[in-house]
Amino acid sequence: MSEPLLDIANIEVVYNRAVQVLRGLSLQVPAGEIVALLGSNGAGKSTTLKAVSNVLSLEDGELTAGRIDYAGQAVSARPPHQLVRDGMCHVMEGRRVFEELTVEENLVAAGYALTGRSDGGRVDFDLVYEYFPRLHERRRALAGYLSGGEQQMLAIGRALVGRPRLMLLDEPSLGLSPMLVEDIFTIIGRINAEQGVAMLLVEQNASLALALASYGYIMESGRVVIDGTPDKLMADDDVREFYLGMGEQGGEQRSYREVKHYKRRKRWLS
Amino acid sequence: MQGLIEFIEISLTGLGMGGLYALTGVAFVLIYKATRVINLAIGEMLMVGAYLFFGLAAGLALPWWLAILFALAGGGLLGLLLERAVIRPMLGENPISVFMVTIGLGSILVGLVELIWTADPRRLPQFLPDEPIFLGPVFVFPEPFWSFVIAAAVIGVFVLLFRYWRGGVALRATALDQGAAYAMGINVPRVYALAWMLAGMIAAGAGMLLGSIAGLSPALALFGLTVLVVVIVGGLDSVPGVLLAGILIGWIESLAGSYLGGEYEHLVTFALLLVVLLVRPWGLFGTPEVERL
Ligand SMILES: Nc1ncnc2c1ncn2[C@@H]1O[C@H](COP(=O)(O)OP(=O)(O)OP(=O)(O)O)[C@@H](O)[C@H]1O
Ligand SMILES: [Mg+2]
């Protein structure tokens, strides 16, 4: 197997020099693939992404052990904006759109990701509007007035502006209606397939994430407890019970059908 | 009729001062919004700008327009230097410590100016047109008139820059959410430097205008106190608020000074400050969760 695009090896993260949140976590994301990172609240998923995009220091967090390589180079040596310019875009938890800027200005700001690229630095608005026609309709509106779903579209659209090789997606389904979640996930799948963007996808909605991903990791208390292909994870009894919400009885049928539905969709797309 | 004309004349003179308050207030807000630093050295930065102009135009006998350009550049450089050498190393420290450090910086700047030029009052070389101005029957002093016009033009240019220039978008984005700005690939420390540099240039420009109205002495730095009142009244993080408050306070001061006597000028200003602090501690246009002074 060739070298992965993102390689996280045995990292430990401590906040405020006191609270240890990650305890020897390792995972890999191969180029062009979607990898799901699942786990319950407080497991350290967002912290993992922050370590990768090197923004821990903004929250008084520190990488105390281990190593993170992106495209063959350590991330710790590069400031966060440089990583973005090198093609790693972090779509943060809670969307974080610039509320007092218009949709279009949000995309202009995202254009800084293109600084220093060989292919010139022009923002390709059309690419974003092609995936998210709704954003085109609302391009002059202040981002703060967008609905939750539209804000999530904008958050992903901003990442798209940077023409990334790797997207870090932190709970894109958070707070959205089931129908919107479906739309957003379809588009995430399309971006992966059509733009060749690798993705590290953090989700609470495990069945959806596994339907898109080619590999999954499940973490608890700062380390990976089980990993494998989606088929393997979905066949695992513990995973089914605790993460997919499929006990012995009840919800099983429906949720599984939903997962199948996504698998089909993915095959159809790629 | 005579009373009305007098009232208009006094008001217009007040607007002249108000334009300078607004201009310097914009410099203050720029630094606050981008870096969350309450910069109490803004009055001293303004004074340094006026002395730079004096040194270049009177000392080195440069043509006035060249002296202005260099003084603006010097003000920008001073802003960059302060950010790089003093403010950036304090990133992440308690805001009160940073705030105290800017007070210290102010004293250092006054000290430097007194070392080079002594504390004696001086006359700034004339660069504003000095023919008296008549708007119909109303007479306006030329210096406040022209400094208002220039301040308004400069403010206009900056408002357009913030709105349409890509760097202006980066500035506003960074002011709203530093972490998200990093995630866009924006070089956040560079934006901080840019904010300080622009604020330094604005302050230097305001200093030259103020110096040509009020004469030159280290006491020019006290102007910063009224500017502080202006930004608290307008809202630390609001450009429109600061523009309005600047004009308002310039006008009220002028009225109080003329009708009640000079000693009331500042009394009225601080009374206004007190009222605003009691009723809307975050200022007329500010955001409630920002620091309350
Ligand atoms: N800035 C911080 N300072 C101190 N502790 C923090 C900080 N950020 C997160 N933590 C703690 O680290 C742990 C992991 O947080 P993290 O946000 O990585 O979890 P998560 O897996 O993303 O959870 P969720 O699913 O709720 O988003 C939590 O216990 C949290 O309280
Ligand atoms: Mg999280």
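Letters A, B, ... mirror the listed sequences (proteins, then strands); counts begin at 1. Owing to the predicted nature of the structure, the values given are computational and were not obtained by experimental measurement.
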Tell me, out of Leu101(A), Asp60(A), Val97(A), who's got the most heavy-atom pairs with chain B below 4.5 Å. Leu101(A)
So, do Leu176(B) and Glu99(A) sit near enough that their side-chain heavy atoms are less than 4.5 Å apart? no
Got a sec, which residues hit side-chain hydrogen bond (donor to acceptor under 3.5 Å, both in side chains) with Lys45(A), two or more places apart in sequence or on another chain? none
Considering all heavy atoms of both residues, which atom of Glu100(A) and which atom of Arg172(B) are nearest to each other, and what is their separation? O-NH1, 4.5 Å
What donor-acceptor contacts under 3.5 angstrom involve side-chain atoms of residues 140-148 of chain A, with partners at least two apart or in another chain?
{"from": "Arg140(A)", "atom 1": "NH1", "to": "Glu104(A)", "atom 2": "OE1", "distance (Å)": "3.2"}
{"from": "Ser147(A)", "atom 1": "OG", "to": "Glu150(A)", "atom 2": "N", "distance (Å)": "3.2"}
{"from": "Ser147(A)", "atom 1": "OG", "to": "Glu150(A)", "atom 2": "OE1", "distance (Å)": "3.4"}

May I ask you to check whether over 12 heavy atoms, not counting those of Arg190(B), lie within 6.0 Å of atom CZ? no
Matching residue for Tyr112(A) among Ile186(B), Asn187(B), Val191(B), Val169(B) - test: side-chain contact (heavy atoms from CB on, under 4.5 Å): Ile186(B)
Would you find more than 12 non-hydrogen atoms of other residues, nucleotides or ligands less than 6.0 Å from Tyr15(A) atom OH? yes
Please tabulate, for the side chains in residues 72-86 of chain B, all donor-acceptor contacts under 3.5 angstrom to protein atoms that are two or more places apart in sequence or on a different chain.
{"from": "Glu83(B)", "atom 1": "OE1", "to": "Arg88(B)", "atom 2": "NH2", "distance (Å)": "3.1"}
{"from": "Glu83(B)", "atom 1": "OE2", "to": "Arg88(B)", "atom 2": "NE", "distance (Å)": "3.3"}

Using side-chain heavy atoms (C-beta onward) and a distance below 4.5 Å, is Arg158(A) in contact with Met184(B)? yes
Quick check: are there more than 12 heavy atoms from other residues, nucleotides or ligands sitting under 6.0 Å from CE of Met90(B)? yes
Could you list which of residues 62-92 of chain A have a heavy atom closer than 4.5 Å to any heavy atom of chain B, in residue-number order? Pro80(A), His81(A), Val84(A), Arg85(A), His90(A), Met92(A)
